[in-house]
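Since this is a predicted model, take the numbers as computed values, not measurements.
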Amino acid sequence: MRVLLLALAAAGCHGGETAMPTLDAPLEPADAAAVFPAPHPREPQLTSYGEVMPAPVIVPITFADDPYAADFVAFSAKLGATAYWHEIANAYGIGAITSASPIRVATVAPATITQATVRSWIASQLDGTHAEWGTPDPTKIYSVFYPKTTALALDGIGRACVDFVGGYHDDVAVGSTRVTFSVIIECDSGLDGTTMLDASTLNFSHELIEAATDPHGLGWYVEPAGYAVLAFADSGEIADMCEFTSVRTTPADLGYTVTRAWSNAAALAGHQPCVPAMAEPYFNTAPVMSDPVTFQVLGYTLATTGVHVPVGGSATIALELFSDAPTSGPWQVSALDAERLKGAPAKLGFTFDRSSGSNGDVLHLTIDVLSADTSFAAEPFVIVSQLGTTTRTWFGIVGN
């Protein structure tokens with residue numbers, strides 16, 4: 001997650017929506033069921049605004065009282081040689097990530113930090129008076145680990161280890177050099193991990209791949225057609241796009257828990273877009289939307305693709321079901337609006353003609369706009385597909 005969300009502003013100025021792929025002729029339902037995956041709107045693509053770190057170097061930075069310092073150093077040293085890193089990074093122009101000498105801060109971690117104080121502290125350590133830090137290096141990701149007892153509130157996002165936030169990445173100018181850094185709060189098992197170490201390395205991998213692919217807010221970011229996800233994830237970088245799936249995996253050649261990350265190629269082919277892929281067939285439900293709409297998130301007004309429905313009105317859209325191989329049975333399909341996920345009264349009502357199906361089936365969803373969502377100036381929603389214990393999601397938005 002990049003807290004500054006500079007890519008949003010860049011996308012508004014320079015971004016363009018990639019053309020949707022077309023089929024020569026529509027398939028009849030019986031034919032569609034025999035094709036894997038069945039025809040469906042494609043999932044979003046990440047688009048590049050030009051900046052990446054092609055040969056990133058990790059600098060692990062821990063405080064004197066950190067019991068996991070040795071693990072973070074070992075993780076950093078092993079990551080670049082793994083098949084995992086190759087799979088998530090190479091398609092975006094990122095080579096093997098390496099590790100520099102770790103830095104052990106002699107003092108204990110502060111009780112409270114802010115984004116501003118962290119920027120100032122990083123800059124002060126690179127001012128030439130701290131030999132162990134060396135000189136500012138734009139190829140390095142200065143990765144700072146704080147214990148859970150260090151309080152951090154992220155602007156417009158929430159509190160670390162409380163509001164499902166475990167870290168962020170950012171940059172700061174040190175003289176004429178812009179350096180990239182990440183901050184990891186060592187959250188416990190309540191945040192995506194089974195142990196505090198799992199949660200920490202999960203967040204560490206998340207911020208490393210995002211810092212490498214989007215170091216200054218002008219790198220890889222979700223295209224405008226996929227902006228609806230921002231209403232739920234607060235950002236659209238390579239790992240943020242996978243926050244709504246089974247995000248954790250433990251590669252055998254690494255031995256630590258890491259995040260899955262978005263693959264443009266897999267998404268375009270109708271396979272699991274978050275890699276490394278799970279062994280089970282990928283299935284999902286895609287709403288067919290083509291209306292230009294706008295919405296607001298974190299102070300930005302964004303143009304995207306959704307469905308236009310005035311307040312008090314309704315519209316019916318098609319839902320196209322697909323899987324990349326036969327599944328164990330039909331999956332259940334439901335819908336929720338963003339306000340319900342926050343525990344607030346629903347802004348949207350949903351009625352399905354059918355609530356389940358399989359590859360090649362087409363359901364129809366009627367959306368009623370009950371009231372305006374003033375927080376987004378539109379009504380974001382999510383289509384949920386459930387088969388057994390596996391859940392898939394697809395994000396949409398209603399503009400008024």
Side-chain angles (χ1 to χ4, degrees), residues 1 58-85 87-89 97 99 102-105 108-113 118 141-154 157-169 181-211 233-234 237-261 274-280 389-391:
M1 177 184 64
I58 311 168
V59 183
I61 303 165
T62 56
F63 290 89
D65 54 344
D66 193 329
Y68 299 112
D71 286 295
F72 300 140
V73 172
F75 178 102
S76 300
K78 295 175 66 176
L79 180 62
T82 62
Y84 160 78
W85 181 261
E87 183 174 14
I88 69 170
I97 192 168
S99 181
I103 297 172
R104 185 78 161 173
V105 180
V108 298
T112 303
I113 57 175
V118 172
I141 303 172
Y142 298 88
S143 301
V144 190
F145 294 87
Y146 291 93
K148 183 183 177 182
T149 52
T150 295
L152 166 66
L154 302 180
I157 305 295
R159 297 166 296 169
C161 298
V162 176
D163 295 319
F164 297 99
V165 176
Y168 68 98
H169 69 98
F181 65 90
S182 66
V183 169
I184 306 301
I185 305 295
E186 296 168 19
C187 301
D188 60 19
S189 58
L191 185 66
D192 294 323
T194 56
T195 68
M196 186 176 287
L197 179 59
D198 285 340
S200 298
T201 57
L202 174 71
N203 292 323
F204 188 21
S205 62
H206 180 121
E207 301 306 335
L208 286 175
I209 188 58
E210 291 192 342
D234 293 318
E237 294 177 311
I238 184 174
D240 297 322
M241 296 289 289
C242 293
E243 289 181 346
F244 306 97
T245 186
S246 298
V247 67
R248 291 190 290 114
T249 185
T250 304
D253 56 352
L254 181 61
Y256 290 99
T257 297
V258 291
T259 186
R260 289 184 164 91
C274 296
V275 297
M278 291 175 280
E280 64 192 45
T389 59
T390 301
T391 300

Item to complete: May I ask you to test the Val183-His169 pair for a side-chain heavy-atom distance under 4.5 Å?
Response: no

Worksheet item: Any side-chain heavy atom of Ile185 sitting closer than 4.5 Å to one from Cys161?
Response: yes

Worksheet entry | Carboxylate-amine/guanidinium contact Asp188 Lys148, below 4.0 Å | yes

Item to complete: Compare every heavy atom of Val258 with every heavy atom of Ser205, then report the nearest pair and how far apart it is.
Response: OG-CA, 3.4 Å

Fill in: Side-chain touch Ile184/Glu207, heavy atoms, less than 4.5 angstrom
yes

Worksheet item: Below 4.5 Å, heavy atoms only, C-beta onward: do Glu87 and Pro276 meet side chain to side chain?
Response: yes

Worksheet item: Who passes side-chain contact (heavy atoms from CB on, under 4.5 Å) against Ser246, sequence neighbours left out?
Response: Arg260, Met278

Item to complete: Sequence neighbours left out, what pairs pass side-chain hydrogen bond (donor to acceptor under 3.5 Å, both in side chains) with at least one residue falling in residues 58-73?
Response: Thr62-Arg104, Asp71-Tyr256

Worksheet entry | Glu280 vs Thr390, side-chain contact (heavy atoms from CB on, under 4.5 Å): CA-CA, chis, key distance, verdict | CA-CA 9 Å; Glu280 64 192 45; Thr390 301; 2.8 Å; yes

Fill in: Candidate pair Leu79 and Tyr84, rule side-chain contact (heavy atoms from CB on, under 4.5 Å), full reasoning
CA-CA 8 Å; Leu79 180 62; Tyr84 160 78; 3.9 Å; yes

Worksheet, complete the sentence: Sorted by chain and number, sequence neighbours left out, ring pair (Phe, Tyr, Trp, His ring centres under 6.0 Å) with Phe72 holds for Phe145

Worksheet item: So do Pro60 and Ile58 actually touch side chain to side chain, heavy atoms under 4.5 Å?
Response: yes

Item to complete: State which residues pass side-chain hydrogen bond (donor to acceptor under 3.5 Å, both in side chains) with Thr391; sequence neighbours excluded, sorted by chain then number.
Response: Gln386

Worksheet item: Between Thr195 (side chain) and Asp198 (backbone), is there a donor-acceptor pair under 3.5 Å?
Response: yes

Worksheet item: Residues in side-chain hydrogen bond (donor to acceptor under 3.5 Å, both in side chains) with Ser143, at least two apart?
Response: Ser182

Discussion item. I'd like to know if the side chain of Thr82 reaches the main chain of Asp253, judged simply by a donor and an acceptor atom lying under 3.5 Å from each other, with no hydrogens or angles considered.
Written reply: no

Fill in: For Pro110, side-chain contact (heavy atoms from CB on, under 4.5 Å) partners two or more places apart
Phe63, Ile113, Tyr146

Discussion item. Please give me the minimum heavy-atom distance between Leu254 and Lys78, naming the atom from each residue.
Written reply: O-NZ, 2.9 Å

Practice prompt. Answer yes or no: is there a side-chain heavy-atom contact under 4.5 Å between Leu208 and Phe75?
Written response: yes

Worksheet entry | Heavy-atom side-chain proximity of Phe181 to Ile61 below 4.5 angstrom | no

Worksheet entry | Nearest heavy-atom neighbours spanning Ile141 and Ile97 | CD1-CD1, 4.5 Å

Worksheet item: Is there side-chain contact between His206 and Glu210, with at least one heavy-atom pair below 4.5 Å?
Response: yes

Fill in: Taking every non-hydrogen atom, the tightest pair across Gly166 and Asn203
CA-ND2, 3.5 Å

